[in-house]
Amino acid sequence: MMKVLLAGAGGQLGWELQQCPPDNVELVACTSADLDIRDEAAVLALAAELSPQLIINAAAYTAVDKAESEPERAFAVNADGAAHLALAARQVGARMIQLSTDYVFDGSHSSPYSSSEKCSPLGVYGTSKYQGEQRVRAILPRQSVILRTAWVYSTHGNNFVKSMLRLMAQRDELGVVADQLGSPTSARTLAQAVWGFTAQPQLQGLFHWTDAGVASWYDFAVAIMEEALVLGLLPAPVVVKPIRTCDYPTAARRPAYSVLEKSTTWEQLAVPPLHWRVALREMLAALPRG
Ligand SMILES: NC(=O)c1ccc[n+]([C@@H]2O[C@H](COP(=O)([O-])OP(=O)(O)OC[C@H]3O[C@@H](n4cnc5c(N)ncnc54)[C@H](OP(=O)(O)O)[C@@H]3O)[C@@H](O)[C@H]2O)c1
């Protein structure tokens with residue numbers, strides 16, 4: 001059996017990881033209440049007690065806009081917290097999987113970002129996650145996987161899909177940003193990819209994983225509406241209007257294009273990629289009714 005310590009078990013990915021662990025995994029899942037990764041002593045003590053072979057860091061400060069006004073918190077979790085887990089992994093000789101984000105890129109490209117591309121985050125969240133990546137790699141140069149993903153949603157937790165369903169049930173019309181492109185990603189398929197790394201201990205370094213295909217937030221919203229109507233999750237269609245980023249001001253700047261190049265990861269992991277629209281349909285079908 002492989003003992004795995006999971007931090008951030010209460011989040012979207014953390015929850016999905018608990019739904020599908022491989023048979024050979026003994027999972028110790030810690031929510032933020034069980035383990036605050038900002039607390040270095042607590043992290044080191046728990047790792048020493050459990051002696052895991054793998055540490056997965058699904059914990060993060062993910063409030064992209066709020067991070068602009070509380071950068072200390074974002075860095076404490078996303079950079080320091082990640083480093084504490086890496087130190088703990090080094091202490092017990094464990095491998096570590098650190099989740100990261102497409103927001104490490106500035107979005108100036110018009111073709112998918114490979115993992116070797118220069119990072120240039122636009123906001124506090126992306127910068128704190130990038131610093132987390134660098135610190136984990138410096139502490140665990142040969143025993144870490146940095147897995148960047150994007151636009152994550154799940155039946156569990158708060159996300160764009162659930163916000164859209166809520167707003168679409170309340171309004172007749174909705175404006176959604178059409179000039180930011182990325183790849184919507186189901187936390188369920190992401191969890192399968194994370195577990196895919198456990199079968200391949202030789203893999204280390206930087207990897208990209210998202211569901212297949214590209215969409216704007218507008219495309220994503222239209223698809224959510226269409227699929228939700230088919231499934232009876234919405235009583236009637238609403239008008240979804242494409243708007244520009246400049247018409248929807250937010251505290252944090254976001255990349256205009258953050259599609260990740262992930263064909264190498266798809267080839268290396270024995271986990272088939274799903275198109276985002278298929279994954280979305282599966283997520284909506286799994287939503288509790290009423
Ligand atoms: N969500 C996205 O669209 C997205 C996109 C790209 C990359 N990612 C990355 O993917 C990973 C998983 O994201 P997610 O969507 O699952 O995030 P999430 O749903 O926001 O979950 C994050 C979890 O981290 C926990 N956490 C926060 N501070 C903590 C701390 N100090 N100690 C321990 N746990 C703490 C939170 O617990 P509390 O709720 O109790 O604070 C929450 O359960 C993260 O690395 C994220 O940066 C996410």
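Counting begins at 1 with the first residue of the sequence. When a ligand or atom number is given, it counts from 1 through the structure's own listing order. Here the structure is a predicted model, which is why all the values come from computation and not from measurement. Reckoned from all heavy atoms, side chains included, excluding hydrogens, waters and symmetry mates.
For ligand 1, the atoms closer than 4.0 angstrom to any heavy atom of Ala59 are 24 (O), 33 (C), 34 (N), 35 (C). The ligand atoms of ligand 1 that sit less than 4.0 angstrom from a heavy atom of Asp36 are 30 (C), 31 (N), 32 (N). Listed by atom number, the atoms of ligand 1 under 4.0 Å from Leu35 heavy atoms are 32 (N), 33 (C). The ligand atoms of ligand 1 that sit less than 4.0 angstrom from a heavy atom of Thr62 are 17 (O), 18 (P), 20 (O), 46 (C), 47 (O). The Trp151 neighbourhood of ligand 1 comprises atoms 3 (O), 5 (C), with distances under 4.0 Å to a heavy atom of that residue. The Ala150 neighbourhood of ligand 1 comprises atoms 5 (C), 6 (C), with distances under 4.0 Å to a heavy atom of that residue.
Note: Trp151 and Phe160 fail the aromatic proximity criterion, with ring centroids not under 6.0 Å apart.
In terms of polar-atom proximity, Thr31 is not counted as a contact of ligand 1, lacking any N or O under 3.5 Å from an N or O of the ligand. Inclusion of Thr101 in the set of residues having an N or O under 3.5 Å from an N or O of ligand 1 is not warranted.
Arg166 places a side-chain heavy atom less than 4.5 Å from the side chain of Ser163. Side-chain contact between Pro255 and Leu122 is present, with heavy atoms from C-beta onward closer than 4.5 Å. Side-chain contact between Leu99 and Leu13 is present, with heavy atoms from C-beta onward closer than 4.5 Å. Side-chain atoms of Gln18 and Leu6, non-hydrogen and from C-beta on, do get closer than 4.5 Å to each other. Between Leu203 and Gln268 the shortest side-chain heavy-atom distance falls below 4.5 Å. The side-chain heavy atoms of Ser183 and Lys262, taken from C-beta on, include a pair separated by under 4.5 Å. Taking 4.5 Å as the limit, some side-chain heavy atom of Cys119 sits within range of a side-chain heavy atom of Tyr130.
Residue contacts with ligand 1 for Ala76 are absent, since no atom lies close enough (heavy atoms, distance under 4.0 Å). Here Val152 has heavy atoms under 4.0 Å from ligand 1 in both its backbone and its side chain. Contacts with ligand 1 closer than 4.0 Å are made by no heavy atom of Phe160, backbone or side chain. Under 4.0 Å from ligand 1, not a single heavy atom of Arg148 appears.
Contact record, Tyr61 with Arg73: CE1-CB, 4.0 Å, taken as the closest heavy-atom pair.
The heavy atom nearest to atom 22 (C) of ligand 1, considering only Ala63, Ala60, Gly126, is found in Ala60. The option with the heavy atom closest to atom 32 (N) of ligand 1, from among Ile37, Val64, Val77, is Ile37. With atom 16 (O) of ligand 1 as the reference point, the heavy atom nearest to it among Thr149, Asn158, Leu13 is part of Leu13. Counting heavy atoms only, Tyr125 comes closest to atom 8 (N) of ligand 1 of the residues Tyr153, Tyr103, Tyr125. In the candidate list Arg73, Arg38, Gln12, Gln12 is nearest to atom 1 (N) of ligand 1, counting heavy atoms.
Here OH of Tyr153 is found 11.0 Å from CG of Leu190. Values are rounded to the nearest 0.5 Å. With rounding to the nearest 0.5 angstrom, the CZ atom of Arg148 is 4.0 Å from the NE2 atom of His208.
Nearest protein heavy-atom neighbour of atom 45 (O) of ligand 1: Lys129 NZ, 2.7 Å. At the top of the distance list for atom 41 (O) of ligand 1, counting protein heavy atoms only, stands Ser32 OG, 4.0 Å. What sits closest to atom 12 (C) of ligand 1 on the protein, heavy atoms only, is Ala58 O, 3.8 Å. Annotation: atom 43 (O) of ligand 1 to nearest protein heavy atom, Gly11 N, 2.9 Å. Looking only at protein heavy atoms, the nearest one to atom 11 (C) of ligand 1 is Leu99 CB, 3.7 Å. Protein heavy atom nearest atom 7 (C) of ligand 1, with residue, atom name and distance: Ser100 O, 3.3 Å.
For the pair Arg188 and Glu282, the salt-bridge criterion is not met [side-chain N within less than 4.0 Å of a carboxylate O]. Salt-bridge annotation for Arg277 and Glu226: present, with a side-chain N of the basic residue lying under 4.0 Å from a carboxylate O of the acidic one.
Between Ser154 and ligand 1 there is no heavy-atom distance shorter than 4.0 Å. No heavy atom of Tyr61 sits closer than 4.0 Å to any atom of ligand 1.
Counting only heavy atoms, the protein never gets under 4.0 Å from atom 39 (O) of ligand 1.
Contacts classified as ring pair (Phe, Tyr, Trp, His ring centres under 6.0 Å) and involving residues 2-38 (residues at least two apart or in different chains) are given here: Trp15-His156.
For the ring-ring contact (aromatic ring centres under 6.0 Å, His included) test, no residue two or more places apart in sequence or in another chain qualifies with His275.
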